[in-house]
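Residue numbers start at 1 and run along the sequence shown.
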Amino acid sequence: MSQDEEDVKPKLNLTINYEGQTITVKVRANTSFTKIFQAAEKKFGKEPGTFKFRAEDQRLRPEQTPAEVGLEDGDQIDAYLEQLGGAL
């Protein structure tokens, strides 16, 4: 096996769902969610920072990676619009 083959990191296909629309992103397990979130917001035509993201009943933070939160190939991330206010 050559050195190049040993350095190849497996990629994950993650599905991002927003109001019934889905996109699939292919990323390495150690890619920060910052890049993933930016790609999703661009694909859905939203301003940066518009969404909050959840997967497997936990909130995802931009500085985390799929490996840190235990995401695997084929897992889904749900995107939600951030809600502000609510008190009168």
Worksheet item: Taking C-beta and beyond as the side chain, do Phe33 and Phe53 meet within less than 4.5 Å on heavy atoms?
Response: no
Practice prompt. State whether the side chain of Asp73 and the backbone N or O of Asn13 hold a donor-acceptor pair below 3.5 Å, judged by distance alone.
Written response: yes
Response to the item:
Between the NZ atom in Lys35 and the CZ atom in Arg28, the distance rounded to the nearest 0.5 Å is 9.5 Å
Practice prompt. Could you walk me through whether Ile16 and Ile36 pass the side-chain contact (heavy atoms from CB on, under 4.5 Å) test, one step at a time?
Written response: CA-CA 9 Å; Ile16 301 175; Ile36 298 167; 3.8 Å; yes
Discussion item. Tell me if the aromatic rings of Tyr18 and Phe51 count as close, with their centers under 6.0 Å from one another.
Written reply: yes
Discussion item. When you measure from the side chain of Gln38 to the backbone of Pro48, do you find a donor-acceptor pair of N or O atoms at a distance under 3.5 Å?
Written reply: no
Worksheet item: Which pair of non-hydrogen atoms, one from Arg54 and one from Tyr80, has the smallest distance, and what is that distance?
Response: CD-CE1, 3.8 Å
Response to the item:
Result for side chain to side chain contact (heavy atoms under 4.5 Å, CB included) between Glu56 and one of Ile77, Leu71, Asp78, Val69 points to Leu71
Worksheet, complete the sentence: All heavy atoms of Ile23 vs all of Ala40, minimum pair found to be CD1-CA, 3.8 Å
Discussion item. Using only atom types and a distance under 3.5 Å, with no angle test, would you say the side chain of Thr34 pairs donor to acceptor with the backbone of Pro62?
Written reply: yes
Worksheet item: Under 4.5 Å between side-chain heavy atoms, hopping through other hydrophobics if needed: is there a path connecting Leu60 to Leu81?
Response: yes
Worksheet item: CZ/Arg61 to CZ/Arg59 distance, rounded to the nearest 0.5 angstrom?
Response: 9.5 Å
Worksheet item: Should we say atom CD of Glu63 is surrounded by more than 12 heavy atoms from elsewhere, each under 6.0 Å from it?
Response: yes
Worksheet entry | Nearest heavy-atom neighbours spanning Gln76 and Ala55 | O-CB, 3.7 Å
